[in-house]
Structures are given as C-alpha cells and as structure tokens.
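What you see is a predicted model, and the numbers here were worked out from it, not measured in a lab. Every chain is numbered from 1, with letters handed out A, B, ... down the list of sequences.
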Amino acid sequence: MLRRIIKFIHHRNIQTFISISIHQSAKLHSFPPNSPNSNIAAPSFNLNHAPAQQIHGQDHDMRFMEYDALLRDCVSRKHVKAGQTAQSHMIKTSYALRVYFGGRLIVLYLKCGCLDDAQKVFDEMPQRNVVSWTAVISGYTKSGVFNEALHLVLEMLRSGTNPNEYTFATVVILCTSASQFECGRQIHSLIVKSPFESHIYVGSSLLDLYAKSGNIHEERLVFEGLPERDVVSCTAIVSGYAQLGFDQEALDLFCELQSEGMSFNYVTYACVLTALSGLAVFEYGRQMHGRVLRSHQSFYIAVENSLIDMYSKCGHGDEESVVELYSNMKEENKFKADGTTLLTVLSGCSHGGMEQIGLQFFDEAASAGGVDLGIEHYGCIVDLLGRAGQLERALHFMKEMPLKPNAAIWGSLLGACRAHRDFQVGKVAADRLLEIEPENAGNYVMLCNVYALDGRWHEVRKVRRLMKEKAVVKEPGKSWITLGQTLHTFYAGDRSRPDSEEVLLCKVGEMSIG
DNA sequence: GTAGGGTTAG
C-alpha cells in the first residue's frame with residue numbers, strides 16, 4: 001500500500017490516488033470536513049490504543065524511509081491530502097508515529113495554510129521536541145498569527161525545551177513581525193547567554209529586529225559583533241540604514257563592504273537603490289544603474305521597481321527612464337504578477353511631478369486588468385492629484401472609487417489641502433478623518449491646522465474643547481508643538497498677518513489636555 | 001524535519 005502511494009506520487013498521479021484512498025477511507029471512517037484545503041480532516045494522532053500488529057526491525061526501517069520520502073514530497077508539492085492519507089495509513093497500520101513525522105506533518109499543514117490541522121497534530125503529539133516547537137512557531141509567524149505564536153514561545157520555554165539556532169532566528173523574526181520589539185530585546189539577552197549569539201542566521205534576524213524598531217545604533221553593534229559576514233547580513237545592515245533614512249550612510253557602507261570584497265545580490269541592489277532614491281542625486285543613480293547591469297541582477301522585479309523609484313525621484317523625475325523601464329516590464333509581462341510595480345510607478349510619478357503619465361498608467365492598468373487594484377493604488381492617485389493641487393478632482397475621484405477611502409487617504413488629501421491652502425476641501429477631509437478615527441489625537445491637530453488656514457481661531461478653540469470632552473489624549477511626540485510650529489511656519493510666509501495670541505496659545509503645555 | 005536580508009504607499 002505504502003509503495004503504491006509513493007509510486008503514485010512519483011508518477012504525479014496524486015489526485016487519482018487521493019480520490020481512491022479518500023473514497024476507501026471514507027467507508028472506514030467518517031471524517032468531518034473541517035480542513036480549509038481539503039474535504040477531510042487530519043486524522044488524530046491519538047496513540048492510546050494498542051497497536052494491532054507491531055512492526056519490528058528491517059521492515060520498520062523500510063517503512064520509515066518510505067514515509068519520510070512520501071512526506072517530503074507532500075511538503076515540497078504542498079499536497080495536503082496526500083499527507084493526510086499517509087497519516088491515516090500510519091494509524092490504520094498501527095505504525096508507531098513519532099515526533100519526527102509529527103514535525104513533518106506540522107510543516108505540511110502549516111505550508112498549506114491548515115493551521116487547525118497543524119495545531120491538532122501538535123496538541124496530540126505524545127512528545128514534542130525543539131524542532132516541532134520551532135516548526136509551529138515559524139508556521140504561525142508566517143501565517144501572521146502572532147499572538148498564538150508568542151504564547152507558544154512562552155509555553156516552550158516553560159516546558160524546559162532548550163531553543164536552538166533555528167528557534168532563536170524564528171522567534172526574533174516573530175518579535176519583529178509582531179512589532180514586539182521589547183520582547184525581541186529580551187530574546188536577544190537570552191541569545192547572548194546561549195551558544196548561538198554568533199550564528200549568522202540569528203545575527204541577521206537580530207539586525208532586522210533593530211532596523212524595524214528604528215534602533216540603528218544597536219543594529220550596528222550587532223553587525224560589528226558578527227564573527228563572519230555574508231550577503232544577507234550585509235544587506236540587512238545596508239537596508240537598515242536605508243529604511244531609517246540614513247541614505248548616505250547606507251551608500252557609504254555599501255561601498256566600503258564592496259571594497260572589502262563582499263559580493264552582493266539583487267536584494268542588496270534593491271536596498272541601495274532605495275537609498276539613492278532618497279539622496280536624489282541623478283549622477284549617483286546612473287552610476288549604480290550601470291553597476292547593477294554589470295552585476296546581472298537587474299532583471300529581478302524588486303530591482304526594477306527600485307530603479308523606477310530612483311529615476312522618478314532623482315532630480316525632477318526622469319520621465320524617459322521611468323517610461324522605458326515600466327514599458328519593458330509590461331512587455332515582459334512582469335508587472336501583471338506584481339502590483340508593487342504599478343504602485344512604485346504611480347508613487348514615483350506623484351513625487352517626480354509626472355502627473356499626466358501617472359494618471360495614464362493608472363487608467364491603462366484599470367482598463368486592461370491583470371493587476372488587482374488595491375486601496376494603495378487608489379491612495380497613490382489621490383496623493384498624485386493632491387500634490388498637483390487638483391483637490392476637487394481628488395475628492396471627486398475618492399467619491400467614485402470602488403473601495404472605501406481609509407484614514408490614510410483622507411489624511412493624504414488633508415495634507416495636500418494644507419500645502420495648497422484649500423480650506424473647503426480640507427474641511428471635508430478633516431471631518432471625515434475625525435469620523436473614522438475619533439480616538440486619534442493627531443486628527444484634531446489636523447483639523448485645527450485646517451481652521452488655521454482660514455484664520456478661524458474661534459473654531460480652533462472649539463476643537464480643543466471637543467478634545468477635552470472626548471478625553472482624547474495626545475501621543476507623546478505628536479504634541480501640540482507640531483501645531484505651534486505649523487502655525488508659525490504658516491505665518492512666517494504671510495507677513496500680512498501679525499503673529500496672534502492664538503499662535504502663542506498653541507505652545508506646548510498650554511494646550512495639553514487634563 | 002525547524003532559521004536570515006528586498007522593491008511601493010499614506
């Protein structure tokens with residue numbers, strides 16, 4: 001029977017085999033349908049019953065190898081039904097299920113998105129080891145089920161299981177993904193006490209943790225402490241600098257590492273191009289483009305996207321290069337697979353003053369189909385129209401768009417209204433923003449800014465009262481000084497209005513709430 | 001059997 005399964009798998013007749021097996025299994029057992037990717041549930045791992053027939057010696061080893069090969073295939077092909085059938089087969093033939101296969105099954109179910117099935121196997125495993133713990137935590141992390149994953153980490157530590165280098169790398173990634181940076185720092189202190197501090201995978205995950213939490217100093221310390229460097233860790237630190245806006249530092253470090261003989265790949269180039277985009281120096285950008293071409297890494301979508309981004313932001317937007325790169329990607333059918341490209345080109349056109357071409361690209365994409373237009377794409381168009389000062393048109397676009405504008409989009413419109421001093425549209429945007437996010441203190445500040453556009457200081461006071469009534473608490477960092485500074489800047493450019501008492505009122509402290 | 005870095009947007 002088992003050899004038949006393997007034979008079928010290798011002949012790519014999984015579907016046939018599965019339908020026969022499921023049909024046969026269904027006659028024997030009644031499996032309730034609760035698995036997302038299949039119409040049968042994962043069989044139970046309950047081994048309480050005595051095996052009908054014990055398998056010993058060579059036969060047992062053979063079966064181990066066959067099951068192992070089978071499950072390996074199932075995992076690589078993400079074939080959940082074949083895995084479930086193999087599991088049933090093990091149970092029916094009383095094969096002693098072991099931690100090893102439990103781990104394999106968990107990986108299979110998690111890869112196929114069957115979280116419940118994976119959890120069931122994990123819960124019913126007679127024994128767990130560091131691999132099964134790590135597999136489940138990793139799967140939950142990849143599926144975005146962060147709270148459960150974090151609980152499992154605690155449970156694992158309480159159970160006395162010692163994490164290995166795989167576990168630490170996984171848990172650090174979990175903390176980063178879940179934005180649990182303090183938790184990540186605590187895990188780092190555990191890592192320092194473990195034998196895995198100098199492990200390159202653990203190190204790279206720590207670099208990313210500190211990059212995403214905005215702590216470039218700590219990230220550099222980890223990087224300097226690494227006993228060896230490779231392309232991933234070097235990319236992580238360059239990326240960290242670029243993500244946090246230290247564009248010159250990112251470029252300098254990239255050059256330094258390259259002069260030391262480090263060779264890079266497409267991920268590094270995507271990052272360093274982002275840094276160049278921030279620097280907005282056309283000549284640097286062109287040089288790097290040449291380097292990317294010589295590295296033969298230029299055909300990766302992420303690199304092409306970064307190139308588009310760079311050309312749209314270097315100088316005043318190199319329309320010719322942007323159009324050429326984007327058109328090439330369209331011809332190669334690359335952009336259909338990746339909505340990021342459209343987003344990149346739209347945002348590039350918005351920042352680079354290429355409104356017409358941006359709108360044209362959007363219309364083309366909307367009529368041709370192929371790219372799923374998400375809220376971000378619509379947001380880019382609102383941003384683009386806003387920057388161009390076409391605020392009424394932006395508002396009209398938002399009313400017509402098929403998706404409901406979110407707070408970010410209203411905020412973007414409001415920002416544009418401030419820049420272009422449009423009180424009418426700005427008031428609409430600020431009101432909508434307060435409806436959507438009444439708890440966000442920043443929105444009240446924005447509303448005040450809108451009233452300030454029209455010199456309506458009385459209204460500014462009313463908003464302050466409203467905040468008191470609703471007991472909205474401003475976030476640290478988003479203090480009233482923002483408003484005070486905004487108003488000062490506003491008046492600095494408009495000598496016809498003297499600084500008023502209200503501007504002074506906006507100083508820090510005087511407007512703070514209860 | 002379990003592990004690392006990436007492109008856009010507000």
Side-chain angles (χ1 to χ4, degrees), chain A residues 67-68 71-72 75 98-108 110-111 128-139 141-142 163-174 176 196 199-209 211-212 219 223 226 229-240 242-243 264-274 277 297 300-310 312-313 338-351 374-384 386 405-416:
Chain A
Y67 278 132
D68 193 31
L71 287 176
R72 199 190 299 269
V75 170
R98 44 179 90 192
V99 188
Y100 177 83
F101 288 129
R104 282 268 201 216
L105 286 165
I106 287 170
V107 171
L108 171 68
L110 290 173
K111 268 199 171 177
R128 294 167 183 175
N129 63 11
V130 66
V131 177
S132 38
W133 279 106
T134 307
V136 173
I137 294 167
S138 166
T141 303
K142 284 173 185 156
N164 63 15
E165 64 272 38
Y166 289 78
T167 323
F168 277 128
T170 301
V171 174
V172 172
I173 293 163
L174 163 63
T176 310
F196 307 112
H199 195 281
I200 192 81
Y201 278 50
V202 177
S204 312
S205 61
L206 284 169
L207 293 174
D208 197 41
L209 170 80
K212 298 283 176 359
E219 184 179 1
F223 183 70
L226 288 176
R229 294 169 178 179
D230 67 357
V231 62
V232 176
S233 51
C234 289
T235 304
I237 183 89
V238 170
S239 155
Q243 279 172 36
F264 299 115
N265 63 16
Y266 76 101
V267 181
T268 332
Y269 286 111
C271 296
V272 81
L273 285 166
T274 304
S277 166
Q297 304 280 311
Y300 286 96
I301 292 184
V303 175
E304 290 182 301
N305 288 346
S306 293
L307 281 168
I308 289 177
D309 181 54
M310 182 202 72
S312 48
K313 290 177 186 165
D338 188 353
T340 307
T341 303
L342 182 63
L343 200 59
T344 307
V345 80
L346 294 180
S347 109
C349 289
S350 174
H351 285 91
I375 192 83
E376 313 87 357
H377 297 102
Y378 291 97
C380 258
I381 294 297
V382 172
D383 191 58
L384 181 148
N406 57 21
I409 297 183
W410 284 112
S412 156
L413 181 69
L414 184 54

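Put simply, CG on Asp309(A) is 16 Å from P on dG6(B), counting in whole angstrom units. Taking atom CG on Leu174(A) and atom P on dG4(B), their separation rounds to 12 Å, with Å as the unit. One interatomic measurement links the two molecules: CD of Glu376(A) to P of dA9(B), which rounds to 12 Å at whole-angstrom precision. The distance from atom CH2 of Trp410(A) to atom C1' of dG10(B) is 14 Å, rounded to the nearest whole Å. One interatomic measurement links the two molecules: CD1 of Ile173(A) to C1' of dG5(B), which rounds to 10 Å at whole-angstrom precision.
For Tyr166(A) against dA3(B), a side-chain N or O and a base N or O form a donor-acceptor pair under 3.5 Å. At a cut-off of 3.5 angstrom, the base of dG5(B) holds at least one donor-acceptor pair with the side chain of Asn265(A). Scanning atom types as modelled, no donor and acceptor separated by under 3.5 angstrom connect the side chain of Ser306(A) and the base of dT7(B). Taking only distance into account, the side chain of Ser412(A) never meets the base of dG10(B) through a donor-acceptor pair shorter than 3.5 Å.
The Thr340(A) side chain lies nearest to dT7(B) when the options are dG4(B), dT7(B), dG5(B). Listed nucleotides dT2(B), dG4(B), dG10(B) differ in distance to Asp230(A); the shortest reach to its side chain belongs to dG4(B). Picking from dA9(B), dT2(B), dA3(B) the nucleotide with the shortest atom distance to the side chain of Lys142(A) gives dA3(B). Checking dG6(B), dG1(B), dA3(B) against the side-chain heavy atoms of Cys271(A) singles out dG6(B) as nearest. In this structure, of dT2(B), dG10(B), dG5(B), it is dT2(B) that holds the atom nearest to the side chain of Ala135(A). Of the candidate nucleotides dG5(B), dT7(B), dG1(B), dG1(B) has the atom nearest to the side chain of Val131(A). In the set dA9(B), dT2(B), dG6(B), dG6(B) carries the atom at the smallest distance from any side-chain atom of Lys212(A). For Asp208(A), the side-chain atoms get nearest to dG6(B) when compared with the rest of dA9(B), dG6(B), dG10(B). Nearest to the side chain of Ala302(A), among dG1(B), dG6(B), dA3(B), sits dG6(B). With distances taken from any side-chain atom of Tyr100(A) to the nucleotides dG4(B), dA9(B), dG1(B), the minimum falls on dG1(B).
Ring pair Phe264(A)/Tyr269(A) is perpendicular by interplanar angle, where above 60° counts as perpendicular and below 30° as parallel.
The closest side-chain heavy-atom distance from Arg104(A) to Leu108(A) is not below 4.5 Å.
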Decide yes or no on side-chain hydrogen bond (donor to acceptor under 3.5 Å, both in side chains) for Thr167(A) and Thr134(A), but give the supporting numbers first. CA-CA 5 Å; Thr167(A) 323; Thr134(A) 307; 2.9 Å; yes
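Side-chain atoms of Asn305(A) and Tyr300(A) include no donor-acceptor pair closer than 3.5 Å.
The closest donor-acceptor contact from the side chain of Ser277(A) to the backbone of Leu273(A) lies at 3.5 Å or more, if one exists at all.
The side chain of Ser239(A) places an N or O atom within less than 4.0 Å of a non-bridging phosphate oxygen (OP1 or OP2) of dG6(B).
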